[in-house]
Amino acid sequence: MLEAERERELLARLKKAVVEYNEGDLLAAIEDAFREGLDARRAIFEGLVPGMEEVEIKKI
């Protein structure tokens with residue numbers, strides 16, 4: 001089972017990669033997240049979606 005601190009780190013990496021439009025970092029973060037057992041739903045809704053929301057807010 002993934003430790004809470006490591007889970008937060010992985011989610012933060014996913015979000016940061018989306019916000020910075022960094023495809024290489026995003027792919028690496030996704031691979032690490034799934035390799036380490038982060039739930040796919042959590043990765044999407046607590047990592048990727050917050051990043052997309054931040055990008056959308058910056059566009060407005």
Side-chain angles (χ1 to χ4, degrees):
M1 184 163 182
L2 203 53
E3 290 185 25
E5 179 62 30
R6 182 62 180 150
E7 190 172 274
R8 283 191 294 273
E9 289 172 5
L10 291 167
L11 292 170
R13 282 180 58 202
L14 291 167
K15 179 181 176 181
K16 181 179 180 197
V18 170
V19 170
E20 294 179 353
Y21 298 99
N22 189 321
E23 185 179 348
D25 285 353
L26 180 58
L27 292 174
I30 290 169
E31 289 176 5
D32 290 345
F34 293 146
R35 186 179 316 111
E36 294 184 38
L38 181 63
D39 179 69
R41 250 179 225 274
R42 293 203 68 198
I44 293 167
F45 292 107
E46 296 179 35
L48 301 175
V49 170
M52 290 183 272
E53 290 172 341
E54 187 170 324
V55 169
E56 182 63 29
I57 289 170
K58 288 180 180 180
K59 286 175 57 177
I60 294 176

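Heavy-atom basis, side chains included; hydrogens, waters and symmetry copies ignored. Numbers here are sequence positions counted from 1. Predicted model, so just to flag it, every value in this text is computed and none were measured.
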Got a second to check how far [X]'s [atom1] is from [Y]'s [atom2], nearest 0.5 Å?
| X | Y | atom1 | atom2 | value |
| --- | --- | --- | --- | --- |
| Glu7 | Glu36 | CD | CD | 10.5 Å |
| Arg13 | Leu38 | CZ | CG | 11.0 Å |
| Arg8 | Glu3 | CZ | CD | 10.0 Å |
| Glu54 | Glu20 | CD | CD | 9.5 Å |
| Leu10 | Ile30 | CG | CD1 | 11.5 Å |
| Leu14 | Arg42 | CG | CZ | 11.5 Å |

Between Leu26 and Leu48, is there a side-chain heavy-atom distance shorter than 4.5 Å?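 They are in side-chain contact.
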Taking all atoms of both residues into account, what is the closest heavy-atom pair of Ala43 and Phe34, and its distance?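 Closest pair (atom of Ala43, atom of Phe34, distance): CB-CE2, 4.2 Å.
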Taking the basic N atoms (NZ, or NE/NH1/NH2) and the acidic carboxylate oxygens, is any pair closer than 4.0 Å for Glu9 and Arg6?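 Judged by the 4.0 Å cut-off on N to carboxylate O distance, Glu9 and Arg6 do form a salt bridge.
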Flag yes if Val49 and Leu27 sit in one hydrophobic cluster, no otherwise; membership is Ile, Leu, Val, Met, Phe, Trp, Tyr, and two members link when side-chain heavy atoms are under 4.5 Å apart.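 Val49 does not cluster with Leu27.
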